[in-house]
Protein chains: 2
Amino acid sequence: MNKINILIADDHKLIRETWSYILNSDPRFQVIAECGDAQEAVELAKTKRPHVVLMDINMAPFSGLEATQRIRKISPGSKVIGVSMHSQPAYAKKMLQMGARGYVTKNSSKEEMIKAILEVNHGNKYICDEIKNIISEQLLDEKEDSPNINALTEREMQIINYIKEGLSSKEIAAGLSISLKTVEVHRHNILKKLKLKNSASLVNFINTNATYI
Amino acid sequence: MNKINILIADDHKLIRETWSYILNSDPRFQVIAECGDAQEAVELAKTKRPHVVLMDINMAPFSGLEATQRIRKISPGSKVIGVSMHSQPAYAKKMLQMGARGYVTKNSSKEEMIKAILEVNHGNKYICDEIKNIISEQLLDEKEDSPNINALTEREMQIINYIKEGLSSKEIAAGLSISLKTVEVHRHNILKKLKLKNSASLVNFINTNATYI
DNA sequence: GTTTAATTAGGTATAAACACTTATTGGCAA
DNA sequence: TTGCCAATAAGTGTTTATACCTAATTAAAC
């Protein structure tokens with residue numbers, strides 16, 4: 001039986017090395033490449049055609065989410081597993097939307113990671129226990145009136161990023177070549193959707209609630 | 001020659017396991033305990049008396065900074081190495097202030113980690129190359145007028161926390177039983193000190209710049 | 001004991017943000 | 001095709017924030 005070929009994309013060198021070490025110690029796996037940025041990950045997926053890609057979400061120059069999406073198109077046979085330190089289900093959800101076949105947090109054990117690799121390689125989907133537990137807990141809470149950042153549109157997120165950087169509505173309007181009035185409407189809608197009072201609390205919400213990625 | 005006894009404290013199980021695996025594979029090291037929270041780390045340092053402690057900064061219920069401080073008192077023979085994903089020198093500085101003997105980012109290689117352990121066990125201090133490079137770069141830039149959050153006063157930090165929560169100046173004034181005008185002056189001084197344009201960018205700065213820990 | 005810095009607070013402006021209404025366009029889906 | 005929604009943009013207000021100024025009090029530092 002052939003080994004499962006794995007590509008590791010993670011911007012932390014130590015983490016890449018340790019995973020390579022562990023996975024290569026198992027006769028079922030073969031780490032064929034590793035890299036620290038998303039661009040390289042896409043290129044390596046194209047040339048090396050790995051069976052499984054371990055993809056960290058946080059990477060330069062674009063996120064693991066985008067890299068997953070690209071790999072999905074460029075090498076449909078490669079199964080991507082999202083790996084992140086974030087336990088929020090929203091991350092997992094987004095990652096799966098982008099075409100990932102699995103999601104594992106860095107809280108997971110070695111055994112769970114191996115299980116995830118075997119499952120996705122076999123064509124199944126896999127989500128780690130931690131996320132599954134959190135999701136079920138959230139379902140029990142069931143707070144439908146909670147601010148849901150997923151309701152924000154692309155444009156709104158774009159404008160939030162400008163706001164974070166300290167740009168005024170006038171500057172944002174100039175930057176996006178749209179009317180000042182439009183920017184104001186967007187800002188108003190954002191605050192209304194998230195039930196926030198002003199831009200300061202918005203930035204704090206965005207920075208501390210990772211739910212939006 | 002005796003092995004160097006190591007305690008690993010990191011809230012990510014996978015990371016603990018991989019380090020244990022790697023370090024135990026080296027005849028010079030012996031991982032004698034590992035844990036995922038700061039409280040346990042302090043207790044384990046007390047009972048196990050490890051030669052070296054690998055301490056992650058981000059942990060519950062209190063931070064690795066505080067745990068380091070406690071271990072320093074409770075088991076002065078144990079050398080603590082701060083391990084973090086943060087490349088800001090401010091983290092390293094704070095960690096060393098708390099009594100750590102070394103600081104290594106998660107971008108560092110396995111070799112660098114081993115070097116750090118050997119150095120601190122030998123009684124020396126060790127800071128990883130990444131941080132050293134950043135510090136030297138910052139010295140070369142030498143911008144004395146650069147935003148320094150350390151210059152913020154207690155009162156100013158207090159007001160920033162209210163701003164983050166979305167309170168208006170009027171509300172902050174009421175909360176602190178001071179004049180609206182005073183709050184406005186504080187806000188103005190904060191923005192001036194940090195060279196920021198508005199509250200949104202202030203909140204983003206505070207959330208993303210860990211310099212104030 | 002004099003200086004320095006933090007906190008306090010007033011005045012006087014302009015600029016920006018926020019609230020709410022209406023309305024047009026284009027795309028996508030039931 | 002009809003209807004919904006995102007994105008666009010205008011009008012018209014009110015409220016807040018920001019930018020300057022001056023200045024008193026107090027505590028710490030030199």
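Note that the structure is predicted; figures quoted are calculated from it, not measured. Within every chain, numbering begins at 1; the chains are lettered A, B, ... in the order of the sequence lines, protein sequences first and strands thereafter.
Protein atom CG of B:Leu194 is 13 Å distant from nucleotide atom P of D:dT18, rounded to whole Å. With rounding to whole Å, A:Arg187 atom CZ is found 16 Å from D:dA7 atom P. Counting to the nearest Å, the P atom of C:dC18 and the CG atom of A:Asn198 are 6 Å from each other. Whole-Å rounding puts the A:Leu196 CG to C:dA17 P distance at 16 Å. Taking atom CG on A:Leu191 and atom C1' on D:dT15, their separation rounds to 14 Å, with Å as the unit. For the pair B:Ile190 CD1 and D:dT18 P, the computed distance is 10 Å after rounding to whole Å. When rounded to the nearest whole Å, the span between NE2 of B:His188 and P of C:dT7 equals 16 Å. Taking atom NZ of A:Lys197 as the reference point, atom P of D:dT16 lies 10 Å away to the nearest angstrom.
The minimum heavy-atom distance linking A:Gly166 with B:Asn198 is given by the pair O-ND2, 2.9 Å. Considering all non-hydrogen atoms of both residues, B:Leu194 and B:Leu202 come closest at CD1-CD1, 3.7 Å.
Considering only side-chain atoms of A:Val185, the nucleotide from D:dT8, C:dA17, D:dA7 that sits closest is D:dT8.
Between the side chains of B:Gln158 and B:Glu154, no donor-acceptor pair is found at a separation under 3.5 Å. Neither side chain, B:Asn204 nor B:Ser201, offers a donor N or O lying under 3.5 Å from an acceptor on the other.
A:Lys13 NZ: 12 or fewer foreign heavy atoms inside a 6.0 Å radius.
A sub-4.0 Å separation between OP1 or OP2 of D:dT8 and a side-chain N or O of A:Arg155 is present. Remark: A:Thr153 is not in phosphate contact with D:dC5, judged by side-chain N or O atoms under 4.0 Å from OP1 or OP2. For the OP1/OP2 pair of D:dT18 and a distance below 4.0 Å, the side-chain nitrogens and oxygens of B:Ser199 include at least one atom meeting the criterion.
A side chain to side chain donor-acceptor pair (under 3.5 Å) with A:Tyr126 is found for exactly one of A:Glu119, A:Arg101, A:Glu112, namely A:Glu112. A side chain to side chain donor-acceptor pair (under 3.5 Å) with B:Glu184 is found for one member of B:Lys181, B:His188, B:Arg187 and no other, namely B:Lys181.
Looking at residues 169-182 of chain B, you'll see B:Ser169, B:Lys170, B:Lys181 sit with a heavy atom under 4.0 Å from some atom of DNA chain D.
Relative to the axis of its first five pairs, the axis of the last five pairs of the helix from C:dG1-D:dC30 to C:dA30-D:dT1 sits at 60°, rounded to 10 degrees.
A salt bridge does not link B:Glu17 with A:Lys110: every distance from a Lys NZ or Arg NE/NH1/NH2 to an Asp or Glu carboxylate oxygen is 4.0 Å or more.
No side-chain heavy atom of B:His186 sits under 4.5 Å from any side-chain heavy atom of B:Ile172.
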